[in-house]
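See structure below.
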Amino acid sequence: MKRLHIVSNRLPFSISFENDNPSLEPSVGGLATGMNSVYKDFEGKWIGWPGIASDTKSRKELQAVDRLLKEEGCKPVHLCEQEVEDFYEGFCNNTIWPLFHYFAQYVDFHASLWDAYINVNRKFADTILETAGQGDFVWVHDYQLMLVPQMVKSQRPDITIGFFLHIPFPSYEVFRILPWRDELLRGLLGADLIGFHTYDYQRHFLSSVRRIFGYEIVLNEVHIDGRIILVDSFPMGIDYDKFYKAALNIFHTPVKERSEVHNELEKYFLMSDGKHLILSIDRLDYSKGIPNRLRAFEKFLERNPDYRGNVTLVMLAVPSRDNVDHYKKLKSEVEELVGRINGLYGSINYTPVLYFYRSMPFQNLVELYSMCDVALITPVRDGMNLVAKEYVASRINQTGVVVVSEMAGVVKEMGEAIIINPNDEDQVAEAIQQAIEMPHSEQVRRISAMQERLRRYDVFKWAKDFVNALQKARKVQTEFLAKKITEEISREIVGRYKKASRRAIFLDYDGTLKGFVNNPNDAVPDMALIDLLNSITADERNILTIISGRERGSIGTWFKGMKLNLICEHGVWLKRYTGDWEMLSNASNSWMPVIKPILEAYVDRTPGSFLEEKNYSLVWHYRAAEVELGELRAKELKDVLTEMVANHRLEILEGNKVVEVKSSGINKGRAANKLLTGMNADFIMAIGDDWTDEYLFRDLPEDSVTVKVGIKHTSAAYKLETTDSVRQFLRLFSR
Ligand SMILES: Nc1ncnc2c1ncn2[C@@H]1O[C@H](COP(=O)(O)OP(=O)(O)O[C@H]2O[C@H](CO)[C@@H](O)[C@H](O)[C@H]2O)[C@@H](O)[C@H]1O
Ligand SMILES: O=P(O)(O)OC[C@H](O)CO
């Protein structure tokens, strides 16, 4: 594999200065751990912001920082104070963060912040462009850098780009609030692989792509402009063994060497038998649901006087984004609540809430995880929540209880936890009681099951899975490109064409010669197309056939008088340019009265859709319907029809935004072969775009030139991207 570079807003080091001399402190966070195992293995660089405002440091200091980072394989993107304010605090944390966490009322919609977001994303993209070699891989992280994929892809399509979003992707109804929603989506779609923590976020993202751009989505692939973008979920794991082993060590540490936190915790439990500690750890962020957690704990104490004095909430809040107003307000609210609870229920020897507003070293964190009876995790929204996983990994004797919010991504992997709605404070208060009173055997059953799962899918497996998917994305794209008609392939095809004395050319119409429109009757051929077809048929050796699923009426009128054969309704009708319409297959339409009312019911229930009646088939069109509803109904309709088709010897064809029912045994492949009989063609070429053209590609003689329009999987030998590229290609065959 080529080199793989990591790009994230922050580099995995924090920088401190002593007497103007910088030093680096490695981050211990989950991302740093996971990525270290990746970018060093693939000899890449880590590109990111060193976390300091560059204009607050001298040139000499910055150069010293750069030197230190270089030694660690990092490339800094420097941000000045104004950029930190407008980009990081502004658009990232005062616009995207609240919106994606469903705090629409907190969102700042200032255009100047958006401009800063574009400019800083551009800086990151430029650094990637300077760093990445031909064909390298790049893995971009998180909501701060959503424009970067497109910025890089537009200049360097050879780079394969992965993007992973660490926060939720909100539902379309929330996402659409953002004035810059189109730009953000377009930015992301520059990636070849887009990953989310959960399937729900993936679903929300695809729904926005479908509704905003109407792009075609096939399972988890988005198809646009000759590219395939894979979208998938990868629930991020933790370094499980690191937490488990650290917890084991704690219990083997001689008393003398124990940390102060350890000794204090032990003293607490020694005070009496019935003591319980509940742990809560987060960055101080409004998405983490800290005030509702405190109010629920207050309710618990209010309702359970017996537990007063014996149950303590240890609440750790890491300072975060403290220049942003909503964070400042939250800090005051939390402090007030802690004060109120401690004032109400505290005593000389009992503090209900032990509140720490600071970061803690890893060792102390694991001591807390391994010694607290309950982890209380109540975010109102959280992409994943690694704290929940770290708690489970640190429970070496398999005891302990996790109370977790259904609004955190982690809940998908924690079915054995007590699951709560963080807005239901009564329910949370009850959950606290249930957790404290949970029998030992049940705790073991639940924690062991979660441990088993988290051990298997740790952060290393997560990173490996993502990288494998990135390699797959490159392969899918390469396979597409392998079939693409290059200049060299064109020359080779034209060479064969020129040598031939009788050339049969089959061209599908909609989606091949002409782009799709909402009303099929509007897809009238333009003069340029008519001229192009005439110039091909001007050569006596060329026998050109329009082969379409359309009924005879429109095609017959549009191409009247031209030197073309016409095949309609997938092969029911043939009109040689010298003759009149004839039936190619013995089709029946006696089934129509039974099937038509079913299709009509779908027209009634799907605004924008309509029914087309051909002589021997019925077609339900949903191109103008609301995209997702149309697709859902199409699936339902196919299910309903499948049960009926066997009895009537019918076939269901799924075309581009159409579901068509027709007599079985009629298809474009058969029709084309009938026409070819006796023709003695020594060059055969067929171009088509949808599923019904696959019959043509499969059934024509093996040495035919078969061309698929679009990027879907095909049995055709070649691919062209769009109707424009088809026309350009056909010009090679014109006089
Ligand atoms: N007082 C303290 N001292 C030291 N360390 C502390 C600490 N409090 C917390 N930490 C550490 O910080 C990390 C926090 O990760 P989280 O997943 O809980 O949330 P965060 O919102 O930061 O991450 C974002 O990224 C992660 C990873 O994708 C998503 O899970 C999440 O939803 C998203 O918001 C944990 O590894 C934890 O150990
Ligand atoms: O401290 P921040 O603002 O860089 O945020 C870190 C969070 O993990 C973002 O997902």
Side-chain angles (χ1 to χ4, degrees), residues 8-14 25 27-35 48-52 79 84 87-94 96-98 100-101 141-146 164-169 195-198 201 233-240 242-243 246 261 279-290 314-324 326-327 354-369 375 377-394 404-405 407-414 459 462-463 466:
S8 61
N9 179 47
R10 281 183 194 273
L11 284 173
F13 293 95
S14 55
E25 181 65 33
S27 313
V28 287
L31 183 64
T33 312
M35 290 307 96
W49 173 47
I52 44 172
L79 304 182
V84 174
F87 160 75
Y88 170 70
E89 286 158 9
F91 201 78
C92 294
N93 290 321
N94 230 352
I96 306 182
W97 180 273
F100 280 38
H101 287 85
H141 288 267
D142 227 357
Y143 65 103
Q144 299 93 346
L145 304 175
M146 293 202 276
F164 188 83
L165 187 72
H166 289 261
I167 65 174
F169 194 95
F196 299 93
H197 281 305
T198 72
Y201 308 152
S233 49
F234 305 84
M236 185 174 171
I238 55 162
D239 185 349
Y240 185 93
K242 183 174 154 196
F243 282 89
V261 173
L279 180 64
S280 118
I281 299 189
D282 329 74
R283 278 183 308 102
L284 190 71
D285 194 299
Y286 48 81
S287 63
K288 303 289 183 183
I290 300 172
V314 181
M315 206 170 86
L316 222 69
V318 193
S320 180
R321 307 168 193 170
D322 38 17
N323 277 334
V324 179
H326 295 297
Y327 289 77
L354 294 173
Y355 172 61
F356 304 93
Y357 177 61
R358 57 170 180 257
S359 191
M360 285 231 175
F362 175 74
Q363 173 71 15
N364 296 149
L365 210 64
V366 181
E367 283 160 356
L368 283 165
Y369 284 143
I377 294 154
T378 63
V380 281
R381 287 287 162 183
D382 210 339
M384 172 55 78
N385 195 296
L386 298 179
V387 168
K389 293 187 172 184
E390 292 167 0
Y391 176 78
V392 171
S394 310
V404 69
S405 160
M407 307 294 176
V410 74
V411 78
K412 308 281 179 206
E413 297 163 84
M414 290 207 164
V459 70
W462 169 77
F466 190 91

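The residues of the chain are indexed from 1 along the displayed sequence. In listed order, ligands and their atoms are each counted from 1.
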Please tell me if the side chains of Val84 and Glu89 come closer than 4.5 Å, counting only heavy atoms from C-beta onward. yes
Among Lys288, His166, Arg381, the residue with a heavy atom nearest to atom 20 (P) of ligand 1 is Lys288
Using a 4.0 Å heavy-atom cut-off, which part of Met236 comes near ligand 1: side chain, backbone, both, or neither? side chain
Mind checking whether Asp382 and Ser405 have side chains closer than 4.5 Å, heavy atoms only? no
Identify the protein heavy atom lying closest to atom 4 (O) of ligand 2, giving its residue, its atom name and the separation to 0.1 Å. Arg10 NE, 2.7 Å
If you scan protein heavy atoms around atom 3 (O) of ligand 2, the nearest is Tyr88 OH, 2.5 Å
Asn94 and His326 have their tightest heavy-atom pair at OD1-CD2, 3.7 Å
Counting from 1, what ligand 1 atoms have a heavy atom of Arg358 closer than 4.0 Å? 1 (N)
Sub-4.5 Å side-chain heavy-atom contact between Met146 and Ile96: yes
Could you pull out, from Met315, Met384, Glu390, the option with a heavy atom nearest to atom 38 (O) of ligand 1? Glu390
Rounded to the nearest 0.5 angstrom, the CZ-CH2 distance for Phe164 and Trp462 is 5.0 Å
Rounded to the nearest 0.5 angstrom, the CE-OG distance for Met315 and Ser280 is 5.0 Å
Honestly, for Trp97 the part within reach of ligand 1 (heavy atoms, under 4.0 Å) is side chain
In Phe91, Tyr143, Tyr88, the residue satisfying ring pair (Phe, Tyr, Trp, His ring centres under 6.0 Å) with Trp97 is Tyr143
Checking the N or O distance criterion of under 3.5 Å, is ligand 1 in contact with Phe164? no
Hey, which atoms in ligand 1 end up nearer than 4.0 Å to a heavy atom of Leu316? 1 (N), 2 (C)
CG (Asp285) and CD1 (Ile290) are apart, to the nearest 0.5 Å, by 7.5 Å
Which one holds for Arg283 and ligand 1: side chain close, backbone close, both close, or neither close, with close meaning a heavy atom under 4.0 Å? side chain
Using heavy atoms and a threshold below 4.0 Å, how should the contact between His197 and ligand 1 be classified: side chain, backbone, both, or neither? side chain
Closest to atom 8 (O) of ligand 2 among protein heavy atoms sits Arg283 NE, 4.4 Å
Under 4.0 Å from one or more heavy atoms of Tyr369, ligand 1 contributes atoms 38 (O)
Any side-chain heavy-atom pair from Glu390 and Ile281 closer than 4.5 angstrom? no
With a heavy-atom distance limit of 4.0 Å, tell me whether Leu31 approaches ligand 1 through its side chain, its backbone, both, or neither. neither
Value for CD (Gln144) from CD1 (Ile167), rounded to nearest 0.5 Å, stands at 7.5 Å
Give the atoms of ligand 1, by number and element, whose distance to some non-hydrogen atom of Gly383 is under 4.0 Å. 32 (O)
Taking heavy atoms and a distance under 4.0 Å, where does Tyr143 meet ligand 1: side chain, backbone, both or neither? neither
How far does NZ of Lys288 sit from CZ of Arg283, to the nearest 0.5 angstrom? 5.0 Å
Shortest non-hydrogen pair, Ala32 vs Pro12, comes out as CB-CB, 3.8 Å
Give the atoms of ligand 1, by number and element, whose distance to some non-hydrogen atom of Asp382 is under 4.0 Å. 31 (C), 32 (O), 34 (O)
So if I count the atoms of ligand 1 from 1 in the order they appear, which ones are less than 4.0 Å from some heavy atom of Met360? 1 (N), 2 (C), 3 (N), 4 (C)
Within reach of ligand 1, part of Ile281 (heavy-atom separation under 4.0 Å): side chain
Would you say Leu386 has any N or O atom under 3.5 Å from an N or O of ligand 1, going by distance alone? yes
From Leu79 atom CG to Asn9 atom CG, the distance as rounded to the nearest 0.5 Å: 7.0 Å
Please state which part of Val387 comes within less than 4.0 Å of ligand 1, counting heavy atoms only: side chain, backbone, both or neither. both
Look only at interatomic distance and state if Asp282 has a nitrogen or oxygen under 3.5 Å from any nitrogen or oxygen of ligand 1. no
Does some side-chain heavy atom of Tyr369 sit less than 4.5 Å from a side-chain heavy atom of Val387? yes
Do the side chains of Asp282 and Pro379 get nearer than 4.5 Å, heavy atoms only? no
Is there at least one pair of N or O atoms, one from His101 and one from ligand 1, spaced under 3.5 Å apart? no
Quick one: nearest non-hydrogen protein atom to atom 6 (C) of ligand 2, plus distance? Arg321 NH2, 3.7 Å
What residue and atom, counting heavy atoms only, is the protein's closest point to atom 10 (O) of ligand 2, and at what distance? Asp142 OD2, 3.2 Å
